[in-house]
Amino acid sequence: GDSVTQTEGPVTVSESESLIINCTYSATSIAYPNLFWYVRYPGEGLQLLLKVITAGQKGSSRGFEATYNKETTSFHLQKASVQESDSAVYYCALGAITGNTGKLIFGLGTTLQVQP
Amino acid sequence: AQTIHQWPVAEIKAVGSPLSLGCTIKGKSSPNLYWYWQATGGTLQQLFYSITVGQVESVVQLNLSASRPKDDQFILSTEKLLLSHSGFYLCAWRGQTNSDYTFGSGTRLLVI
């Protein structure tokens, strides 16, 4: 079936350190999956951080970036220098946005704690 | 600008009691509406979707029901809560033209 596996949290890093949250996927029922990273800050709803719809492309936002690698079925999230305000829960997801169901398959979420 | 409002923010309910969670979208006509749920330690999964008033499709069977009484309103409910219903519920909408999801702030439910 379709599934997403991501780094188990919590992940704790110090401010200005680099970050990588791993994400791998299996898309057996979706021919051309779109890949997403969502973020949930404390007390807020889920927000789209970045998305990539074409294999081989890279998405970036707020200093984060992720590359859609079809060969390794991965979509790792990276940031060169994290800030305390990046503390949040990060979700990797895949989906087929076309069609009304538009179901997203999420990973378990990775809690990131950035220490000052 | 479109806004999405979910209520309540959090609930503590007894097993066997009824539940009603709501979601209102303002500023967008005829959105596709969705309910997602995350059990503690589990992953977010889609429960229901609706593409028009009065029509709701179930994706996962959890002894919950959903209704769309108005174009901008989506209700999740059950007459008898189970312990397994605890978790985090998210409402979301998308435009009809394959746009991105916009999620609400969520409702945290604890069934005791």
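Every chain is numbered from 1, with letters handed out A, B, ... down the list of sequences. Just so it is clear, the structure is predicted and the values come from calculations on it, not from any experiment.
For A:L48, the part sitting under 4.5 Å from any heavy atom of chain B is the side chain, from C-beta outward, and nothing else. Within the 4.5 angstrom heavy-atom criterion, atoms from both the backbone and the side chain of B:L44 approach chain A. Neither the backbone nor the side chain of B:V9 comes within contact range of chain A; no heavy atoms are under 4.5 Å apart.
Among B:S50, B:S105, B:A92, B:G106, the residue with the largest count of heavy-atom pairs under 4.5 Å with chain A is B:S105. Your options are B:E57, B:Q38, B:Q6, and the one with the most heavy-atom pairs under 4.5 Å with chain A is B:Q38.
Of all heavy-atom pairs spanning B:Y36 and A:L104, the tightest one is OH-N, 3.0 Å.
Other residues, nucleotides and ligands contribute more than 12 heavy atoms inside 6.0 Å of the NZ atom of B:K13. Within a 6.0 Å radius of CD1 in A:I53, other residues, nucleotides and ligands contribute 12 heavy atoms or fewer.
When A:F36, A:Y41, A:F64 are each tested for a ring pair (Phe, Tyr, Trp, His ring centres under 6.0 Å) with A:Y90, only one passes: A:F64.
Using cut-offs of 30° and 60° on the angle between ring planes, the pair A:W37 and A:F75 is parallel.
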